[in-house]
Amino acid sequence: MKTRLFTIPRPEGYEQEVRAAAELLRSGQLVAIPTETVYGLGANALDPEAVRHIYEAKGRPSNNPLIIHVPSAEWLERYCENVPELAYRLARRFWPGPLTMILPAKPVVPKATTGGLDTVAVRCPAHPVALAIIEAAGVPIAAPSANTSGRPSCTSAAHVQEDMNGKIAGIVDGGDSAVGVESTIIDLTGEKPCLLRPGGMPLEALEEVLGSVGVDQAVYRELHEGEQPKAPGMAYRHYAPQAPVTVVTGAPERSAAYIRSRAKADTGVICFDEYAQLFSDLTVERLGSVHDQAAQAHRVFEALRAFDHTQVREILAQCPDPSGLGLAVQNRLKKAAGFHTVEAL
Ligand code: AMP
Ligand code: MG
């Protein structure tokens, strides 16, 4: 298959590209779309055949459900049963934005989309091109991260081309993803709201609206044999570059010293900007300033992906503390490492 590339001329005047992408989606094809979190691999969420192609193109296990993307909270009623007032409150405060809500699904949502569950994940993305495409398509768009399953997510159209060229009908290039990590997922189907995946909306922001929020164990640690995370996707190895990753926790000066003492000539390093000069003889990817969590989120997947174009045989990564966006960045790094973590004392 020849993958068409639609480049969005900025900042406006992209009706033609939007119409072409929406047309492909309506006809059951796959189109990668830009969002503020990461690039999504889009398909008509109401068309089980189209959705099955997503799983095929990504090599994604079919029990790992998809997030459906809608243009506004008004669409919640169409696809979700018994929408609680709380969902509207969250939508008013955080949509469009990097927050996904889990709600009971209406039968119109195919089981192929929900991975067989009775619930559905819904989000309204804060990206004008994504919103225009969904509106033009007139259907919710199922869009998991556009990477091959297991690889780091895509934060640019070039990343999507690396993974999906020849496998999908189109890629819409809307520039780099502003946030850089996937959405925060909150489950609203239980007695108490529960965080299933940390992401671009910090837990602290949700707590301002919800009070206390439960946190699924899969956010922090590797699950024991037989333990099931509430978000099926959290069970899988994820985000991994080819070389094995070790996450080094502890205060930044200690983790930097630890990495320096351990590194060999073929070690790749992910570090905060402030420590990059310590590793000038090695292959280094900067994560951003130690004080700039937004920069770290923006960079983390690009940093992980970059090593696949080098000869490094292992990757040692500094790790942000878990406040704010740090919880998501830490989670992505730890998952990339298969939870292989050492604490620098
Ligand atoms: P991705 O599309 O790659 O960002 O992954 C979507 C994540 O949302 C995966 O971890 C899924 O397991 C999770 N997810 C999607 N739908 C549901 C649902 N109905 N209940 C719980 N988790 C879900
Ligand atoms: Mg993903």
Side-chain angles (χ1 to χ4, degrees), residues 30 32-43 45 51 54-55 57-70 76 79-83 87 97-107 109-125 130 140-155 159-160 163-164 177 179-190 193-201 214-219 223 227-240 297 300-301 304-305 328 331-332 335-336:
L30 303 187
I33 58 172
T35 84
E36 85 282 26
T37 56
V38 299
Y39 272 72
L41 182 55
V51 162
I54 291 184
Y55 289 95
K58 279 179 64 77
R60 180 175 174 112
S62 62
N63 67 348
N64 187 4
L66 308 175
I67 296 172
I68 70 170
H69 293 72
V70 296
L76 279 174
Y79 308 112
C80 307
E81 207 85 75
N82 308 319
V83 181
L99 177 67
T100 294
M101 299 187 234
I102 309 291
L103 291 162
K106 282 200 165 149
V109 184
K111 288 289 186 218
T113 301
T114 65
L117 299 176
D118 308 332
T119 56
V120 62
V122 193
R123 176 170 108 82
C124 175
I141 300 298
S145 51
N147 52 288
T148 298
S149 228
R151 293 205 72 210
S153 302
C154 300
T155 54
H159 295 167
V160 183
D163 285 19
M164 291 297 152
S177 307
V179 175
V181 289
E182 299 88 338
S183 59
T184 299
I185 302 180
I186 186 111
D187 182 1
L188 299 179
T189 64
C194 183
L195 182 87
L196 305 191
R197 175 178 75 181
M201 183 62 64
V215 179
D216 196 57
Q217 282 307 301
V219 170
L223 297 171
E227 242 183 334
Q228 282 301 325
K230 291 214 192 100
M234 294 291 274
Y236 298 106
R237 177 106 196 268
H238 247 107
Y239 316 125
V300 66
F301 285 130
L304 285 166
R305 253 176 197 266
N331 170 266
R332 302 309 185 268
K335 291 204 65 141

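Atoms within a ligand are numbered from 1 in the order they appear, just like the ligands themselves. Because the structure is a prediction, the values reported are computed rather than measured.
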Looking at Arg197, which atoms of ligand 1 are within less than 4.0 Å of one of its heavy atoms? 1 (P), 4 (O), 5 (O), 6 (C), 7 (C)
Keeping the roles fixed (side chain from Thr184, backbone from Gly199), state whether a donor-acceptor pair exists under 3.5 Å. yes
Using a strict cut-off of 4.0 Å, indicate which atoms of ligand 1 neighbour a heavy atom of Thr119. 18 (C), 19 (N), 20 (N)
Check whether any N, O or S atom of Ser145, backbone or side chain, sits closer than 2.8 Å to the Mg ion (ligand 2). yes
Using a 4.0 Å heavy-atom threshold (strictly under), name the region of His238 that reaches ligand 1: side chain, backbone, both or neither. neither
Just need the protein heavy atom nearest to atom 22 (N) of ligand 1, so name the residue and atom and give the distance. Ala231 CA, 3.4 Å
CG (Asp216) and CD1 (Ile186) are apart, to the nearest 0.5 Å, by 11.0 Å
To the nearest 0.1 Å, how far is atom 2 (O) of ligand 1 from its closest protein heavy atom, and which atom is that? Pro144 CA, 2.9 Å
What is the nearest protein non-hydrogen atom to atom 11 (C) of ligand 1, stated with its residue, atom name and distance? Asn64 OD1, 3.1 Å
Between Lys58 and Ser145, is there a donor-acceptor pair closer than 3.5 Å when you use the side chain of the first and the backbone of the second? yes
For the side chain of Thr113 and the backbone of Ala45, is there at least one donor-acceptor N/O pair under 3.5 Å apart? yes
For a salt bridge (charged side-chain N to carboxylate O under 4.0 Å, His left out) check, start with the C-alpha distance between Asp118 and Lys111, then their side-chain angles and the critical distance, and finish with the verdict. CA-CA 8 Å; Asp118 308 332; Lys111 288 289 186 218; 3.4 Å; yes
Closest by any non-hydrogen atom to atom 23 (C) of ligand 1: pick that one out of Ser145, Pro61, Pro65. Pro65
Per-atom filter on ligand 1: closer than 4.0 angstrom to a heavy atom of Ile185 are 7 (C), 8 (O), 13 (C)
Would Arg332 and Ser153 count as having a side-chain donor-acceptor pair, cut-off 3.5 Å? no
Closer than 3.5 angstrom, by distance alone: can the side chain of Arg305 be matched with the main-chain N or O of Pro152 as a donor-acceptor pair? yes
Within 4.0 Å of some non-hydrogen atom of Leu117, the atoms of ligand 1 are 18 (C), 19 (N), 20 (N)
Heteroatom distance test (Gly233, ligand 1): nitrogen or oxygen, under 3.5 angstrom: yes
Would you check whether Pro232 has a nitrogen or oxygen atom less than 3.5 angstrom from a nitrogen or oxygen atom of ligand 1? yes
N/O separation below 3.5 Å, Lys58 to ligand 1: no
Calculate, to the nearest 0.5 Å, the distance between atoms CG and CZ belonging to Asp187 and Arg197 respectively. 13.5 Å
Pair Val122-Tyr79, side-chain contact (heavy atoms from CB on, under 4.5 Å): steps then yes or no: CA-CA 9 Å; Val122 193; Tyr79 308 112; 5.7 Å; no
Between Tyr239 and Asn331, is there a donor-acceptor pair closer than 3.5 Å when you use the side chain of the first and the backbone of the second? no
Looking only at protein heavy atoms, which one is nearest to atom 18 (C) of ligand 1, and how far off is it? Ile102 CD1, 3.5 Å
Note: ligand 1 atoms sitting under 4.0 Å from heavy atoms of Lys230 are 21 (C), 22 (N)
